[in-house]
Amino acid sequence: MSGLTRGEEIAEGLRAVEERVSEACRTAGRNRSEVALIAVTKTYPASDVRILAGLGVLDVAENRAQEAAGKAEECAGLPLTWHFVGQLQTNKARLVAAHASVIHSVDRPRLVTALSAAAAHEERELRCLVQVALDDHPERGGARTADVPAVAEAIAKAEGLRLGGVMAVAPLGEEPGAAFARLHAIALAVRADHPEATIISAGMSGDLGEAIANGATHLRIGTALLGRRKPFVR
Ligand SMILES: *Cc1c(COP(=O)(O)O)cnc(C)c1O
């Protein structure tokens, strides 16, 4: 063990991530303020979310509805913005709509319908991103590239939802820079039809530099901030 307190450990993770982000922004000729950092807190306890909030990280993300809802409740009172980044079943839309402000993983019209109804029920506005399956194999979530315009249009038209932009995970076995370049082109096409869709959610602990080089506006960082997650059994 490191002998550091958990707070010191997370502060050190944040410092290292900030350094990488600043360096990548310099290399890409971008301003640090163009790139937002979202802490992915899945599998980590609410106490870690409190530590992050104390360090000024107020954007946090989860990928499982039940875990997200529980943690958001435990952290009620903190000025957090919750993001949802996991595959979402329509019957969990309300659970997520009750606390999350940004849903990164909208990939099909039926989910748009469910989220719109959930937003109305909760009397909240949800910012929705179209998740793109950059390898066009949507088994792990994401819309095929060809289906992105239709999902974007459905979000833009839906009551209670606002189209925020696009999100993707770099496919395994492909150079992330090439994948994120495709996402950037898709994002620009979406933005041409929907000027409000300015978000490009891309970049995780292992590929944040490639994401920043390709226009990412929001990074989703777990491991580099909080440490390696224990594998868990569903
Ligand atoms: C877990 C997760 C992340 C964070 O990944 P790290 O490699 O731990 O930084 C980002 N995006 C999504 C969709 C995730 O599920």
Side-chain angles (χ1 to χ4, degrees), residues 9-10 12-21 23-24 35-45 48-49 51-52 55 57 59-69 71-72 80-89 92 96 100-108 111 115 127-135 137-143 148 151 164-177 179-180 183 186-187 199-234:
E9 227 168 61
I10 294 175
E12 172 55 25
L14 179 60
R15 193 200 56 71
V17 167
E18 271 302 333
E19 201 169 289
R20 288 175 63 199
V21 172
E23 177 61 30
V35 182
L37 179 65
I38 303 168
V40 181
T41 51
K42 63 191 185 196
T43 78
Y44 285 102
D48 282 0
V49 179
I51 290 170
L52 284 164
L55 293 167
V57 179
D59 282 279
V60 288
E62 290 284 330
N63 73 334
R64 301 177 76 223
Q66 207 78 48
E67 181 183 352
K71 228 174 278 181
L80 299 168
T81 298
W82 288 93
H83 299 249
F84 191 80
V85 301
Q87 278 184 267
L88 185 54
Q89 294 169 275
K92 301 277 173 64
V96 169
S101 301
V102 190
I103 319 291
H104 293 231
S105 44
V106 182
D107 58 2
R108 57 200 192 279
L111 181 56
L115 284 168
R127 208 156 185 206
C128 292
L129 312 186
V130 182
Q131 183 180 350
V132 187
L134 288 173
D135 54 2
H137 286 290
E139 295 82 30
R140 290 177 304 147
V148 169
V151 179
V166 298
M167 175 274 223
V169 176
L172 291 172
E174 184 183 1
E175 200 278 300
F180 290 147
L183 180 66
I186 292 165
I199 294 177
I200 302 178
S201 169
M204 319 200 320
S205 295
D207 55 23
L208 66 86
E210 289 90 339
I212 289 170
N214 287 284
T217 63
H218 290 64
L219 308 171
R220 309 178 310 271
I221 308 296
T223 309
L225 285 173
L226 296 171
R228 285 185 80 89
R229 293 175 292 275
K230 291 192 182 67
F232 66 85
V233 184
R234 262 172 211 270

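One-based numbering, in listed order, for ligands and for the atoms of each. Bear in mind that the values here come from a model prediction, so they are computed numbers and not experimental data. Note that these values count all heavy atoms, side chains included, but never hydrogens, waters or copies made by symmetry.
Near R220, the atoms of ligand 1 lying under 4.0 angstrom from a non-hydrogen atom of the residue are 4 (C), 9 (O), 10 (C), 11 (N), 12 (C), 13 (C). The T223 neighbourhood of ligand 1 comprises atoms 6 (P), 7 (O), 8 (O), 9 (O), with distances under 4.0 Å to a heavy atom of that residue. Each of the following atoms of ligand 1 lies closer than 4.0 Å to a heavy atom of I221: 9 (O).
At least one side-chain heavy atom of L52 sits under 4.5 Å from a side-chain heavy atom of L226.
Backbone and side-chain nitrogen or oxygen atoms of V85 are examined, and none is located within less than 3.5 angstrom of a nitrogen or oxygen of ligand 1.
Counting only heavy atoms of the protein, atom 2 (C) of ligand 1 lies nearest to K42 NZ, 2.6 Å. Among protein heavy atoms, the minimum distance from atom 9 (O) of ligand 1 is reached at S205 OG, 2.5 Å.
A tilted orientation is assigned to the rings of H83 and H218, their planes being inclined by 30° to 60°.
Comment: K42 does not engage E67 in a salt bridge, judged by the lack of any side-chain N to carboxylate O separation of less than 4.0 angstrom.
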- With side-chain hydrogen bond (donor to acceptor under 3.5 Å, both in side chains) as the test, would you mind laying out the steps for Q87 and S105 before giving the verdict? CA-CA 6 Å; Q87 278 184 267; S105 44; over 6 Å; no
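Residue E12 qualifies as enclosed at atom CD: its count of foreign heavy atoms under 6.0 Å is above 12.
At a heavy-atom distance under 4.0 Å, only side-chain atoms of R229, from C-beta outward, approach ligand 1.
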